Amino acid sequence: MSKRPTVEQRLYWNETRPDRVSHLDVRDPARCGPCDGRPCVRVCPAETYLWEAADGRLVIRFENCLECGACRIVCPHDNLDWRLPLGGRGICYRYG
Ligand code: SF4
Ligand code: SF4
């Protein structure tokens with residue numbers, strides 16, 4: 001039986017032209033610490049968000065973003081400053 005591909009392997013099939021600055025940001029980092037379940041981390045199909053427990057902060061790997069918008073919807077505190085990458089940058093799906 002074949003092993004399931006990792007997120008990195010699946011993302012390889014897409015082409016990304018990352019913006020120089022992140023198109024994703026947290027409005028108030030202090031709200032992420034006590035956030036119940038951190039749904040942005042769980043819902044993102046590209047593992048864009050990573051909770052660094054040792055530092056108590058949310059890391060955003062914006063280069064991974066597939067621009068689906070799910071994280072913006074599930075954040076219970078409306079705490080994500082979400083916009084599209086500038087100048088046509090961002091994800092470019094190879095297969096539609
Ligand atoms: S869901 Fe919102 S408040 Fe919770 S960790 Fe993510 S960005 Fe922070
Ligand atoms: S828009 Fe979609 S792919 Fe991008 S960070 Fe949010 S959930 Fe992840």
Side-chain angles (χ1 to χ4, degrees):
M1 190 155 66
S2 64
K3 256 176 65 178
R4 288 186 63 184
T6 64
V7 168
E8 286 77 16
Q9 287 168 333
R10 279 180 270 163
L11 289 174
Y12 172 78
W13 293 106
N14 300 317
E15 193 176 315
T16 307
R17 294 177 57 223
D19 205 347
R20 288 192 193 88
V21 294
S22 178
H23 62 288
L24 308 167
D25 202 2
V26 169
R27 292 193 174 108
D28 180 4
R31 301 200 85 160
C32 296
C35 176
D36 190 19
R38 295 189 192 89
C40 64
V41 176
R42 286 189 288 130
V43 79
C44 179
E47 296 183 352
T48 299
Y49 301 100
L50 186 68
W51 177 250
E52 290 276 2
D55 300 333
R57 70 184 184 106
L58 192 68
V59 174
I60 304 176
R61 301 177 291 189
F62 70 92
E63 302 89 345
N64 285 10
C65 180
L66 304 173
E67 298 166 29
C68 71
C71 55
R72 180 173 55 171
I73 294 169
V74 299
C75 177
H77 304 292
D78 190 23
N79 200 22
L80 284 171
D81 185 5
W82 192 104
R83 59 181 172 79
L84 290 170
L86 296 173
R89 293 188 177 269
I91 191 73
C92 176
Y93 292 100
R94 287 192 202 175
Y95 299 110

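The figures that follow rest on heavy atoms only: side chains count, while hydrogens, waters and symmetry mates do not. A quick note: this is a predicted structure, and the numbers were derived from the prediction, not measured. Every number for a ligand or one of its atoms is a count from 1 in the order of the listing.
From the protein, the heavy atom lying nearest to atom 1 (S) of ligand 2 is G69 N, 3.1 Å. For atom 6 (Fe) of ligand 1, the closest heavy atom belonging to the protein is C40 SG, 2.4 Å. In terms of protein heavy-atom proximity, atom 4 (Fe) of ligand 1 is nearest to C35 SG, 2.3 Å. Looking only at heavy atoms of the protein, atom 8 (Fe) of ligand 2 is closest to C44 SG, 2.3 Å. The protein non-hydrogen atom at the shortest distance from atom 2 (Fe) of ligand 1 is C75 SG, 2.3 Å. Of the protein's heavy atoms, L66 N, 3.1 Å lies nearest to atom 3 (S) of ligand 2.
Nearest approach of S22 to I60, heavy atoms of both residues: OG-CG2, 4.4 Å. Residue C71 comes nearest to Y49 through the heavy atom pair SG-OH, 3.2 Å, listed as atom of the first residue, atom of the second, then distance. Heavy-atom minimum distance, R38 versus G33: NH2-O, 2.7 Å. The two residues N64 and A46 have their closest heavy-atom pair at ND2-O, 3.0 Å. Contact detail for R83 and H23: the closest heavy-atom pair is O-CD2, 3.0 Å. Taking each heavy atom of P18 and F62 in turn, the nearest pair found is CB-CE1, 4.5 Å.
Remark: ligand 1 atoms within the under-4.0 Å shell around heavy atoms of N79 are 2 (Fe), 3 (S), 8 (Fe). Under a 4.0 Å criterion applied to the non-hydrogen atoms of C68, ligand 2 contributes the atoms 1 (S), 2 (Fe), 3 (S), 7 (S). Atom numbering of ligand 1 starts at 1 in the shown order; those under 4.0 Å from a heavy atom of H77 are 3 (S). Each of the atoms 1 (S) of ligand 1 lies under 4.0 Å from some heavy atom of P39. Atoms of ligand 2 lying under 4.0 Å from at least one heavy atom of Y49, given by number and element, are 5 (S). Which parts of ligand 2 touch T48 is read off a 4.0 Å heavy-atom cut-off, strictly below it: atoms 5 (S), 8 (Fe). Taking every heavy atom of P76 and a limit of under 4.0 angstrom, the matching atoms of ligand 1 come to 1 (S).
Contact check for V26 versus R57: no side-chain heavy atoms found under the 4.5 Å cut-off.
In terms of modelled atom types and a separation under 3.5 Å, the side chain of D19 and the main chain of R89 share no donor-acceptor contact. Counting only distance, with no hydrogens or angles, the side chain of N79 and the backbone of D28 share a donor-acceptor pair below 3.5 Å.
Residues V41 and L80 share a single hydrophobic cluster, defined by chaining ILVMFWY side chains whose heavy atoms lie under 4.5 Å apart.
Within the 4.0 Å heavy-atom cutoff, W82 counts among the residues contacting ligand 2.
In this structure, D36 places its CG atom where only 12 or fewer heavy-atom neighbours from other residues, nucleotides or ligands lie under 6.0 Å away.
Residue R72 does not touch ligand 2, judged by heavy-atom distances below 4.0 Å. Only side-chain heavy atoms of L80 come within less than 4.0 Å of ligand 1; its backbone N, CA, C and O stay farther off.
Put simply, C71 gets within reach of atom 6 (Fe) of ligand 2, with an N, O or S atom under 2.8 Å from it.
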